[in-house]
Amino acid sequence: MSIVLPGEQVPAQHVNLKLGPGLQQIQTRNDGTSRSAQLIVATRAGSLNHSANGSKWWIESNSRRYVPAAQEPVIGVIAQKQGEGFRVDIGSAHSANLDGLAFEGASKRNKPNLKIGSLVYARVSLAHKDMEPELECFDAQTRKAEGFGELKGGFLVRCSLRMCRQLLDPNHFLLPLLGARFPLEVAVGLNGRVWINSKEAKHIIAITRAIEAADPDGDSLDASGVSTLLNDLDGKMSL
Amino acid sequence: MRPPSPSIPEKEFLFTALKQSLRLDGRQALEIRPIELNFGPELGWVECALGKTRVLAHVDAKMVKPPPERPFEGTISIHSEISPMASSEYEVGRPSEEEVTITRMLDKVIRRSDTVDKESLCILAGQRVWHLRLTIHCLADSGNLLDCACLAGLVALKHFRRPDVEVIGEEVTVHPPTSRAPIPLSLHHTPYCFTFAFFPDTSIPPVLDPNYLEQRLNGGLISIALNAQRELCVVQKSGGVPLVPEDVLKIVDVAVGKAKELDAFVESRLKEDWEGRKVEVR
């Protein structure tokens, strides 16, 4: 693992190369030889990672501003109703479009009724650099919700982008640790927003504070640190 | 484009939690977030943090000719800059209502409450006076920017020391800090600002030092500026929630206690910093 800066060349070589976030291939015409050379260049600062066989390469870094990428799950706030669909704030530079028909079981007659300010869990279906991002709340192949849709109740936690990527990692300590203490529901968006729900308000507050404490952008506590925090909260609020 | 107001679940949860007298950051209703004061290498350079809200205040002084109507008084100007750096809600060149409130409140608390003895800033009557320029940069807004900015501005004034000047006849000599110890400003008193948030649901008690969500979702704010000697300087109420006079008096009582605590804290931090500074006088 090494640290790269934007513009730096990356020694990624594989017959079936797949580039992840932060890497870009540029074609440079080389006049000396007949074939054009292919350069892999970093577009972001961070640590360079690759899979065991070297076929997948990506850059890991932390940031707060979300840049939409296709197929990523995000949590958005309905900002405006617009004709057939909705304008959704997903924390990126531009607000995203969500079609009213992009829900499970939606038809021309039966459209979801989302109020302004509702939360939706959606997937980015289109993220082109020259266009506004588009969202959908179902799997386009099966037309099933697959967990996407409106999020009712609960609370929204804002965290850094690395924190929410870590929460999606099944080996990460935080969610199992919290789940062992009380039942909870969670939806992780990759745009730095995590929706949580639990029966009692104090549990939701405890989860919020645990996520903020474990955030690498905040206190970046480890498993034992979060446990102490939870024990401390337990003493104060009797969870 | 301004970001939309907090979502419905956030709003509902905040109100249910407050009804059970639970705050999102685990504070009591009348508890201030931990305050951090950091002093820069220069005198009059202070970074104040109230939880995640951070403000940088900086004082500098220069000599100017006083206006003819007030030949014996120095002048103070406050420049508060709320840039999009603090939060994406703020835009350059189009101040929001909140920004206007903060700027005017700073003016009331620091300038119009007569904190600085302006006559002590006079060097040569009608010819030369000190002009103090207080610059306030809001670095991060996580609610209650006003209290943080007021505190930072005041501590900066308390921390600042102007160079010593000597007047012989019409001749003015400025002694650099290396030859003569610089002189602290003479301050009449130090008002501290405390903001309380009220909510549309009157069963929720008022909260002190609102955080980001509480600030965005409140039904009314009351800002009280007072000093540790129980002298009220400014009371400002915004928002539509009506208040009973007893409630206001109760809040003032709370603020008096907090002002005393805060004053002791600020004094101890200033003393600590001053002792850490090696000032050489030759």
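On a predicted model such as this, the values are computed, not experimentally measured, just so you know. Convention: sequence-line order gives letters A, B, ...; per-chain numbering from 1.
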| query | Does A:D219 use its side chain to pair, donor to acceptor, with the backbone of A:L221 at less than 3.5 Å? | reply | no

| request: Name the region of B:E10, side chain, backbone, both or neither, that has any atom closer than 4.5 Å to a heavy atom of chain A. | output: both

| query | When you check the gap from the basic side-chain N to the acidic O, do A:K108 and A:E84 get nearer than 4.0 Å? | reply | yes

| Check: A:I211 and A:D215 side chains under 4.5 Å, non-hydrogen atoms | no

| query | Which residues in residues 24-41 of chain B have a heavy atom less than 4.5 Å from any heavy atom of chain A? | reply | B:L24, B:D25, B:G26

| For the candidates A:K202, A:R209, A:E212, which exhibits the highest count of non-hydrogen atom pairs separated by less than 4.5 Å from chain B? | A:R209

| field | side-chain contact (heavy atoms from CB on, under 4.5 Å) assessment of B:S223 paired with B:V235 | value | CA-CA 6 Å; B:S223 296; B:V235 177; over 6 Å; no

| request: Select one option (side chain, backbone, both, neither) describing which atoms of A:R65 are under 4.5 Å from chain B's heavy atoms. | output: neither

| query | Based on non-hydrogen pairs under 4.5 Å, which of A:I205, A:I116, A:L233 is most in contact with chain B? | reply | A:I205

| said: At a 4.5 Å cut-off on heavy atoms, which part of A:T208 comes close to chain B: side chain, backbone, both, or neither? | reply: neither

| Can you tell if the side chain of A:Q71 reaches within under 4.5 Å of the side chain of A:S125, non-hydrogen atoms only? | no

| query | Would you call B:R54 and B:E47 a salt bridge, using N to O less than 4.0 angstrom? | reply | yes

| Is the count of non-hydrogen atoms from other residues, nucleotides or ligands lying under 6.0 Å from B:K11 atom NZ greater than 12? | no

| query | Relative to chain A, which segment of B:L213 carries a heavy atom at a distance below 4.5 Å: side chain, backbone, both, or neither? | reply | side chain

| request: Using modelled atom types only, decide if a donor and an acceptor are shared between the side chain of B:H137 and the backbone of B:L139 within a distance under 3.5 Å. | output: no

| query | Is atom CZ of A:R64 surrounded by more than 12 heavy atoms (other residues, nucleotides or ligands) closer than 6.0 Å? | reply | no

